[in-house]
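Everything below concerns the one structure shown next.
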Amino acid sequence: MRCPFCDHPDTKVIDARNQRDRIEDLFPMVVKRDGRRENFDRLKIITGIQKACQKRPVSVDAIEQAVVRIERVILDTGEREIACTRIGDEVQAELRALDPVAWLRFMSVYLGFKTIEDFRAAMDELAPGDGD
């Protein structure tokens, strides 16, 4: 099992349930846009990245490494609460580095694109050759 803190690939699992509970307790509560608070959910991040990367040349390992980096940033804040938009910003930064098409897919949902101009403006943010 890969350590969620140091990313060491050869960590032994003694009691997965207790360890997972302890790890989840370390994460801050996520503050949603409407003010609700919920527990941090790693699966939501994985699912969002996987959807954005669907049918793109992005490996499962690359997605896992991106999620580990996002988790590290969240933990490194040391905060007890974190805005969902901060998590979204970290996800979009990782996707931008992984695959520009996946990034654009994510941004279209994250920012709620409504017109072709919204897509055009986002594409203009990508410098020629990004993600190649």
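All values derive from a computational prediction rather than experimental measurement. We number each residue from 1, following the sequence as shown.
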Side chain to side chain, [X] and [Y], heavy atoms closer than 4.5 Å:
X    : Y   : answer
Y110 : L95 : no
P28  : I74 : yes
R86  : T77 : yes

Practice prompt. Verify the cluster assignment for I87 and V109: are they in a single hydrophobic cluster under the rule of side-chain heavy atoms below 4.5 Å apart?
Written response: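 Shared cluster, no.
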
Discussion item. Assigning hydrophobic clusters by single linkage (Ile, Leu, Val, Met, Phe, Trp, Tyr; side-chain heavy-atom cutoff under 4.5 Å), is L75 placed with V73?
Written reply: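 Cluster IDs for L75 and V73 differ.
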
Do [X] and [Y] sit within salt-bridge range, that is, some charged N less than 4.0 Å from a carboxylate O?
X   : Y    : answer
R72 : E90  : no
D34 : K32  : no
R96 : E125 : yes

Item to complete: Check the angle between the aromatic planes of F27 and F40 and answer parallel, tilted or perpendicular using the 30° and 60° thresholds.
Response: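 Judged by the thresholds at 30° and 60°, the geometry between F27 and F40 is parallel.
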
Worksheet item: Can you list the steps and then say if F106 with L111 is a side chain to side chain contact (heavy atoms under 4.5 Å, CB included)?
Response: CA-CA 8 Å; F106 178 81; L111 297 178; over 6 Å; no

Donor-acceptor pairs under 3.5 angstrom involving side-chain atoms of residues 45-54: please list them, not counting sequence neighbours.
unit_1	atom_1	unit_2	atom_2	d
T47	OG1	L43	O	2.8

Item to complete: Start with the C-alpha distance between R80 and M29, add both sets of side-chain angles, then the distance that settles side chain to side chain contact (heavy atoms under 4.5 Å, CB included), and finish with yes or no.
Response: CA-CA 6 Å; R80 295 183 66 190; M29 292 294 289; over 6 Å; no

Fill in: All salt bridge (charged side-chain N to carboxylate O under 4.0 Å, His left out) counterparts of E79, not counting sequence neighbours
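Applying salt bridge (charged side-chain N to carboxylate O under 4.0 Å, His left out) to E79 gives none.
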
Discussion item. For the backbone of G35 and the side chain of R37, can you confirm whether one donor and one acceptor N or O come within less than 3.5 Å of each other?
Written reply: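 Checking the backbone N and O of G35 against the side chain of R37, a donor-acceptor pair under 3.5 Å is found.
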
Practice prompt. I would like to know whether I70 and Q65 meet side chain to side chain contact (heavy atoms under 4.5 Å, CB included); could you show each step before the answer?
Written response: CA-CA 9 Å; I70 292 165; Q65 291 168 3; over 6 Å; no

Worksheet item: For M107 and F113, which heavy atoms make the closest approach, and how far apart are they?
Response: O-CE2, 3.6 Å

How many angstroms lie between [atom1] in [X] and [atom2] in [Y], if you round to the nearest 0.5 Å?
X    : Y    : atom1 : atom2 : result
R120 : T115 : CZ    : OG1   : 8.5 Å
M123 : D118 : CE    : CG    : 12.0 Å
W103 : L98  : CH2   : CG    : 13.5 Å

Response to the item:
Across all chains, not counting sequence neighbours, the side chain to side chain contact (heavy atoms under 4.5 Å, CB included) partners of R56 are V58, D99, V101, R105

Practice prompt. Go through the steps for E64 and R69 under the test salt bridge (Lys or Arg N to Asp or Glu O under 4.0 Å), then give the verdict.
Written response: CA-CA 9 Å; E64 175 64 26; R69 286 189 296 271; over 6 Å; no

